[in-house]
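Letters A, B, ... mirror the listed sequences (proteins, then strands); counts begin at 1. Side chains are part of it too, since the values below use all heavy atoms of this structure and drop only hydrogens, waters and symmetry mates.
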Amino acid sequence: MRASRPDLEPDPTLSRKEMETLQREIADAAVFEDRFEFDPETLSNPLEAAVSGREPPTVVGVDQSFLTNEAGEQDRALSAVVATRGGEVIERVHAVTPLESPYIPGLLSFREGRPILAALETLSVEPDLLLFDGSGRIHFRQAGIATHMGVVLDVPSVGVAKSLLCGTPRESIENLPAGACVPIEANSRVGVTDGTLLGYAVQTRQYDSPDRHINPLYVSPGHRVGPETAANAVLELASSYKLPEPVRLADAYADEAKRDLGC
DNA sequence: GCGACAG
DNA sequence: ATCTTGTCGC
């Protein structure tokens with residue numbers, strides 16, 4: 001698949017100031033509400049799809065690993081993409097590209113965006129929904145990597161982060177029961193009116209015993225998906241593990257492909 | 001000036 | 001992200 005807005009692609013050579021300006025453009029172009037054709041009830045349930053007479057949507061997970069050179073420094077990114085439909089893997093692709101930018105909190109898409117787009121260009125199926133490891137709207141300028149990629153490709157996307165970049169949970173997120181969702185609202189660190197709903201802390205799994213507990217995921221709209229749909233999609237797609245299946249599979253594939261290259 | 005900060 | 005053993009719980 002190709003970019004529908006190549007002018008908004010993350011350019012690693014931009015100055016920090018220019019990157020932030022581009023992110024505000026991305027946020028302006030982003031749609032943080034449902035605007036897609038597929039039936040969200042059929043995301044991972046083939047039976048629902050059969051009953052509704054529609055084929056399940058193609059959900060694609062994206063993750064990265066990094067390769068080291070002889071000197072022991074990270075010099076390349078490996079982007080892994082796993083496409084699923086009705087709970088089954090239908091295609092896997094990956095791409096290795098040179099690293100062009102360091103990791104800077106808030107500017108992740110300028111480090112990982114190009115590699116991701118390179119991998120997605122080799123994907124033959126058309127994604128109905130893209131899942132990224134990282135934030136979407138939960139971002140200083142409402143333009144996390146899921147939002148940036150979703151806007152550039154104009155495909156519905158969701159951000160799935162393991163820790164909270166910014167924003168404030170409306171209530172305690174300690175030891176939530178499986179299935180629970182707690183709103184994450186904008187605070188003074190986010191460039192939008194305080195209290196704006198940015199996403200949800202989503203508890204996909206939880207231990208039974210009260211001894212130790214699992215932390216929630218932080219789910220936010222990337223593009224063309226509202227916060228409720230994003231949270232429900234992640235709950236729907238997380239069958240047996242904390243991470244939604246497409247992301248978990250992409251995570252494993254990123255490591256597998258890395259090993260096959262000898263680290 | 002100080003603190004905070006996805007992967 | 002990555003470097004890594006043991007350890008707790010089902």
Give one of base, sugar-phosphate or nothing for [X], where a contact means two heavy atoms less than 4.0 Å apart.
X	result
A:Tyr103	base
A:Ser135	base
A:Phe140	base
A:Ile138	nothing
A:Ser65	sugar-phosphate
A:Leu107	base

### Query
What would the secondary structure line of DNA chain B be in dot-bracket form, counting Watson-Crick and G-U wobble pairs under 3.5 Å, with [ ] for pairs that cross earlier ones and | for pairs with another strand?
.......
### Query
Quick check: are there more than 12 heavy atoms from other residues, nucleotides or ligands sitting under 6.0 Å from CG of A:Asn69?
yes
### Message
If you count heavy atoms of other groups shown closer than 6.0 angstrom to CZ of A:Arg24, is the number above 12?
### Response
yes
### Given DNA chain C, 5'-ward residue of the pair A:Asp208 and A:Asp255, judged by closest heavy atom
A:Asp255
### Message
Both A:Gln64 and A:Arg212 contact DNA chain C. Which one's nearest nucleotide lies toward the 5' end?
### Response
A:Gln64
### Task
May I ask you to say whether A:Arg248 pairs ionically with A:Glu245, meaning some side-chain N is under 4.0 Å from a carboxylate O?
yes
### Query
Do NZ/NE/NH1/NH2 and the carboxylate oxygens of A:Arg92 and A:Glu256 come within less than 4.0 Å?
yes
### Message
Starting from A:Leu22, can I reach A:Leu153 by hopping between I/L/V/M/F/W/Y residues whose side chains sit under 4.5 Å apart?
### Response
yes
### For chain A, the stretch of DNA chain C it reaches, first to last nucleotide, under 4.0 Å of its heavy atoms
C:dA1 to C:dC10
### Query
For the side-chain contact (heavy atoms from CB on, under 4.5 Å) test, which of A:Val225, A:Thr84, A:Thr58, A:Val60 pairs with A:Leu129?
A:Val225
### Message
Can you tell me which residue among A:Ile116, A:Val62, A:Leu249, A:Asp63 is in a side-chain contact (heavy atoms from CB on, under 4.5 Å) with A:Val81?
### Response
A:Val62
### A:Gln23 side chain vs A:Gly106 backbone, donor-acceptor pair below 3.5 Å
yes
### Test item: side-chain donor near acceptor, A:Thr168 and A:Glu185, under 3.5 Å
no
#### Entry: Any donor-acceptor N or O pair under 3.5 Å, side chains A:Tyr103, A:Glu112
no
### Task
Extract, from 5' to 3' on DNA chain B, the first and final nucleotides lying under 4.0 angstrom from some heavy atom of chain A.
B:dC5 to B:dG7
### Task
Output, in order, the C-alpha distance, side-chain angles, deciding distance and verdict of side-chain contact (heavy atoms from CB on, under 4.5 Å) for A:Leu99 and A:Arg76.
CA-CA 5 Å; A:Leu99 270 181; A:Arg76 289 156 293 161; 5.6 Å; no
